[in-house]
Peer 1: 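Structure in structure tokens, see below.
Counting from 1, the numbers follow the sequence of the chain as shown.
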Amino acid sequence: MLALMLIRTATAEDWPAIWAFLRRIVAAGETYTYPRDLDEDRAREIWMLRPPSRTAVATDPEGTVLGSAKMNPNQMGPGAHVAGASFMVAPEHGGRGVGRALGEHVLDWARAEGYQAMQFNAVVESNTGAVALWRSLGFEVIGTVPEAFAHPTKGYVGLHIMHRFL
């Protein structure tokens with residue numbers, strides 16, 4: 001667990017650090033439904049959200065970007081009262097509480113913005129660390145789309161839809 005961590009709004013200057021781990025995570029093909037060959041321009045467009053949505057980074061005291069989260073309405077119009085979010089932690093900084101800190105931050109943000117709930121649309125069921133983290137933060141698996149994710153080594157696995165009221 002990191003003693004000190006700052007979570008703040010991501011800036012354009014943070015993108016190179018985010019891209020450094022985002023491209024590795026996506027290319028591994030184990031946890032995100034993004035194309036494994038996602039190019040940098042499209043990745044930036046997907047990840048670096050504009051207000052009223054938000055992208056945040058977690059940094060250590062030296063300013064190293066440890067992880068990032070993006071938060072936004074899960075749907076448009078009549079579904080916009082439910083928030084959605086995505087998270088990535090640099091693999092070399094995993095297991096140090098970065099994901100939990102980002103998760104708590106995103107939940108606080110969603111409450112402050114007036115959302116009534118948060119939903120994750122596609123949590124890969126074989127990503128047991130993420131599933132356990134989200135469960136510990138009050139999320140429930142409300143459904144699983146069977147064999148909806150082509151994992152590079154495990155074959156077809158389910159995608160959980162996870163939800164919690166705020």
Side-chain angles (χ1 to χ4, degrees), residues 1 5 7 10 18-19 21-38 42-49 52-58 66-166:
M1 184 69 115
M5 185 181 333
I7 299 177
I18 296 169
W19 175 239
F21 57 83
L22 186 149
R23 72 173 174 228
R24 287 183 287 149
I25 292 167
V26 170
E30 297 175 347
T31 56
Y32 271 84
T33 59
Y34 301 150
R36 292 176 74 176
D37 61 352
L38 184 68
R42 181 70 177 124
R44 185 185 303 109
E45 180 183 319
I46 290 169
W47 200 261
M48 299 296 283
L49 302 180
S53 299
R54 182 168 176 254
T55 300
V57 290
L66 310 170
S68 182
K70 65 176 187 152
M71 52 216 94
N72 49 272
N74 191 55
Q75 300 293 330
M76 297 183 290
H81 60 286
V82 176
S86 296
F87 305 83
M88 286 196 191
V89 174
E92 61 273 20
H93 298 294
R96 300 169 59 194
V98 177
R100 176 172 297 282
L102 285 166
E104 291 170 349
H105 177 82
V106 166
L107 288 168
D108 289 344
W109 171 85
R111 280 187 206 96
E113 292 294 312
Y115 288 96
Q116 294 179 17
M118 183 167 283
Q119 177 178 318
F120 302 148
N121 298 326
V123 181
V124 178
E125 73 178 338
S126 60
N127 187 358
T128 55
V131 173
L133 172 59
W134 304 138
R135 284 185 188 278
S136 77
L137 290 175
F139 286 84
E140 295 180 40
V141 174
I142 60 168
T144 302
V145 183
E147 298 186 4
F149 186 83
H151 193 282
T153 60
K154 299 177 189 303
Y156 292 109
V157 299
L159 284 176
H160 291 321
I161 301 164
M162 300 188 78
H163 175 274
R164 69 157 289 172
F165 287 105
L166 299 173

Peer 1: Any donor-acceptor pair under 3.5 Å linking the side chain of K70 with the backbone of S53?
Peer 2: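 Absent.
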
Peer 1: For a 4.5 angstrom cut-off between non-hydrogen side-chain atoms, does F21 reach H93?
Peer 2: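 With C-beta onward as the side chain, the pair stays apart.
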
Peer 1: Measure the spacing between CH2 of W109 and CD1 of I7 and express it to the nearest 0.5 Å.
Peer 2: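 Between W109 CH2 and I7 CD1, I get 14.0 Å after rounding to 0.5 Å.
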
Peer 1: Write down the atom of V106, the atom of A69, and the distance for their closest heavy-atom approach.
Peer 2: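 Closest approach of V106 to A69: CG2-CB, 3.8 Å.
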
Peer 1: Could you tell me whether E140 atom CD has more than 12 heavy atoms of other residues or ligands within 6.0 Å of it?
Peer 2: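 For E140, atom CD is not crowded (no more than 12 foreign heavy atoms under 6.0 Å).
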
Peer 1: What's the shortest heavy-atom distance between M48 and I18, and which atoms?
Peer 2: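 Scanning both residues completely, I find the closest heavy atoms to be SD-CD1, 4.0 Å.
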
Peer 1: Hey, what do you get for CG (N127) to NZ (K154), rounding to the nearest 0.5 Å?
Peer 2: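 The distance works out to 10.0 Å.
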
Peer 1: With distance as the sole test, does T55 use its side chain to make a donor-acceptor pair with the main-chain N or O of A10 at under 3.5 Å?
Peer 2: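 The answer is no, because no donor-acceptor pair under 3.5 Å joins these two groups.
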
Peer 1: How far apart are the closest heavy atoms of T31 and F149, and which atoms are they?
Peer 2: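 For T31 and F149, the tightest heavy-atom pair comes out as N-CZ, 3.9 Å.
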
Peer 1: Output the distance between atom OH (Y34) and atom CH2 (W47), rounded to the nearest 0.5 Å.
Peer 2: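 Reported value, rounded in 0.5 Å steps: 5.0 Å.
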
Peer 1: Between atom CG of L66 and atom CG of L102, what is the distance when rounded to the nearest 0.5 Å?
Peer 2: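 Rounded to the nearest 0.5 Å, the CG-CG separation comes out at 8.5 Å.
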
Peer 1: Does T144 reach the main-chain N or O of L159 with its side chain, forming a donor-acceptor pair under 3.5 Å?
Peer 2: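 It does not hold such a pair.
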
Peer 1: Run the side chain to side chain contact (heavy atoms under 4.5 Å, CB included) test on V141 and R135 for me, step by step, so that the C-alpha distance in whole Å, both residues' side-chain angles and the decisive distance to 0.1 Å come before the verdict.
Peer 2: CA-CA 8 Å; V141 174; R135 284 185 188 278; 3.3 Å; yes

Peer 1: At their closest point, which heavy atom of R24 faces which heavy atom of P91, and how far apart are they?
Peer 2: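 Minimum heavy-atom contact is NH2-CD, 3.9 Å.
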
Peer 1: Please tell me if the side chains of M88 and V26 come closer than 4.5 Å, counting only heavy atoms from C-beta onward.
Peer 2: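 Yes; the side chains approach each other to less than 4.5 Å.
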
Peer 1: Say you draw a straight line from CZ of R96 to CE of M5; how long is it, rounded to the nearest 0.5 Å?
Peer 2: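 If we round to the nearest 0.5 Å, R96:CZ and M5:CE are 8.0 Å apart.
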
Peer 1: I'd like to know whether Q75 forms a side chain to side chain contact (heavy atoms under 4.5 Å, CB included) with V82, so could you lay out the CA-CA distance, the side-chain angles of the two residues, the decisive distance to 0.1 Å, and finally the verdict.
Peer 2: CA-CA 7 Å; Q75 300 293 330; V82 176; over 6 Å; no

Peer 1: Might you point out which heavy atoms bring L166 and A110 nearest each other, and give the distance in Å?
Peer 2: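 Closest approach of L166 to A110, heavy atoms only: CD1-CB, 3.6 Å.
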
Peer 1: Quick check: do F139 and L107 have side-chain heavy atoms less than 4.5 Å from each other?
Peer 2: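 Yes, their side chains come closer than 4.5 Å.
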
Peer 1: Using 0.5 Å steps for rounding, measure from the OH atom of Y32 to the CG atom of L38.
Peer 2: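 Those atoms lie 12.0 Å apart.
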
Peer 1: Decide yes or no for P152 and R36: does some side-chain heavy atom of the first lie under 4.5 Å from some side-chain heavy atom of the second?
Peer 2: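 Heavy-atom side-chain distance check passes, below 4.5 Å.
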
Peer 1: Mind listing the side-chain donor-acceptor pairs of residues 115-126 below 3.5 Å, one per line with the distance, residues two or more places apart or on another chain?
Peer 2:
| unit_1 | atom_1 | unit_2 | atom_2 | d |
| --- | --- | --- | --- | --- |
| Q119 | NE2 | N121 | OD1 | 2.7 |
| N121 | OD1 | N74 | ND2 | 3.4 |
| N121 | ND2 | N74 | OD1 | 2.8 |
| E125 | OE2 | G158 | N | 2.6 |

Peer 1: Would you name the heavy atoms of A150 and Y156 that are closest together and state the gap between them?
Peer 2: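 For A150 versus Y156, the nearest heavy atoms are CB-CE2, 3.7 Å.
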
